[in-house]
Amino acid sequence: MGAIRKALRGNEGLYFFVRSSRMRYRRWRKKLRNVHPTFYCSPDVVVAPDLDAREYSHISRGGIIGPNVHMGRYVMFGPRVIIVGDDHVFDKAGTPTIFAGRPAEIRPTTIGDDAWVGAGCIVMAGVTIGKGAIVAAGAVVTKDVPPFEIHGGVPAKKIRNRFATAEEREAHERMLELPAQRFGKFCPPVG
């Protein structure tokens, strides 16, 4: 298997063909109709079919992604990221919670462009993680994370800003406003 991988890495065109074929099959198998062709997820990811994912977004091994999730461009999810917590009706007197039902509409969860959610994070449904934000491994995100901030802990709280200066942040924001770009040798072409 190692020799095959080495041969694939040596032939960029063949590598992109194999990778895109595998993802085309996964998109079909998981019924993902609203994800960009450059979106990538590991084979063991459990994902709701209404996932909306833009260019170069990635969900790593063991992820569980609930319904009504929107991922921007260049988003990375580490291993075992879970987006859960659709509301349950729990305040019906005389009815066990398991039989009380759920609200008719599930709140949308939005992950902004270039956000990175670390390994083992739990993100509650209805939360917005802003553009360029980073969530540290193992965090539990119960509230919105503003753009370009780093949050971590249980519950997640601000650790610091992603960039030291306003000029660095503005330069990064300008790059994100450009049409999706190919970065590096092993990024498949857009489209």
| Side-chain contact, heavy-atom cut-off 4.5 Å: N161 with F163? | no
| query | Distance-only, no hydrogens or angles: does the D50 side chain make a donor-acceptor pair with backbone N or O of N68 under 3.5 Å? | reply | yes
| task | Report whether V123 and V69 are members of the same hydrophobic cluster (ILVMFWY, side-chain heavy atoms less than 4.5 Å apart, transitive linking). | result | yes
| message | Does anything in residues 110-128 form a side-chain hydrogen bond (donor to acceptor under 3.5 Å, both in side chains)? List the pairs, not counting sequence neighbours. | response | D114-R162, D114-H172
| Are I150 and V140 grouped together when hydrophobic residues (ILVMFWY) are joined by side-chain heavy atoms under 4.5 angstrom apart? | no
| request: Indicate the atoms forming the closest heavy-atom contact of A53 with S57, along with that distance. | output: CB-CB, 4.4 Å
| Distance-only, no hydrogens or angles: does the K30 side chain make a donor-acceptor pair with backbone N or O of V45 under 3.5 Å? | yes
| note | Distance col, row C41:SG vs R26:CZ, nearest 0.5 angstrom, shows 6.0 Å
| If every non-hydrogen atom of C121 is compared with every non-hydrogen atom of G138, which pair is closest and at what distance? | SG-N, 3.9 Å
| query | Would I64 and F39 show up in the same hydrophobic cluster when neighbours are defined by side-chain heavy atoms closer than 4.5 Å? | reply | yes
| field | Note, M71 side chain near I59 side chain (heavy atom, < 4.5 Å) | value | yes
| request: Taking side-chain contact (heavy atoms from CB on, under 4.5 Å) as the test, write out the residues that go with A156, two or more places apart. | output: A139, V141, H151
| With sequence neighbours left out, what residues match R54 under side-chain contact (heavy atoms from CB on, under 4.5 Å)? | D52, R73
| task | Give the other cluster members for Y25, using side-chain heavy-atom distances under 4.5 Å between Ile, Leu, Val, Met, Phe, Trp and Tyr residues; answer none if it is isolated. | result | W28
| Set of side-chain contact (heavy atoms from CB on, under 4.5 Å) partners for A171, sequence neighbours left out | R174
| message | Assigning hydrophobic clusters by single linkage (Ile, Leu, Val, Met, Phe, Trp, Tyr; side-chain heavy-atom cutoff under 4.5 Å), is V75 placed with I134? | response | no
| Among all residues two or more places apart in sequence or in another chain, which pass the salt bridge (Lys or Arg N to Asp or Glu O under 4.0 Å) test with K158? | E149
| request: Only counting residues at least two apart or in another chain, list the ones meeting side-chain contact (heavy atoms from CB on, under 4.5 Å) with R61. | output: S42, P43, D44
| said: Just to verify, what does E173 make a side-chain hydrogen bond (donor to acceptor under 3.5 Å, both in side chains) with, not counting sequence neighbours? | reply: R169
| message | If hydrophobic clusters are built by linking Ile, Leu, Val, Met, Phe, Trp and Tyr wherever their side-chain heavy atoms come under 4.5 Å apart, do M124 and F77 end up in the same one? | response | yes
| message | I need the minimum non-hydrogen distance between I129 and A115, along with the two atoms involved. | response | CG2-CB, 4.1 Å
| I98: which other cluster members, linking ILVMFWY side chains closer than 4.5 Å, directly or transitively? | F99
| request: Find the distance between CZ (F148) and CD (E170) and round it off to the nearest 0.5 Å. | output: 10.5 Å
| field | Minimum heavy-atom distance I106-P67, with the two atoms named | value | CD1-CG, 3.5 Å
| query | Considering residues at least two apart in sequence or located in another chain, which fulfil the ring pair (Phe, Tyr, Trp, His ring centres under 6.0 Å) criterion with H70? | reply | none
| task | Only counting residues at least two apart or in another chain, list the ones meeting side-chain hydrogen bond (donor to acceptor under 3.5 Å, both in side chains) with R27. | result | none
| Nearest-0.5 Å distance that lies between atom CD1 in I82 and atom CD1 in I122 | 5.0 Å
| query | If you look at every heavy atom in A133 and V145, which pair is closest and at what distance? | reply | CB-CG1, 3.7 Å
| request: Quick one: pull up CD1 in I65 and CD1 in I111 and give me the separation to the nearest 0.5 Å. | output: 8.0 Å
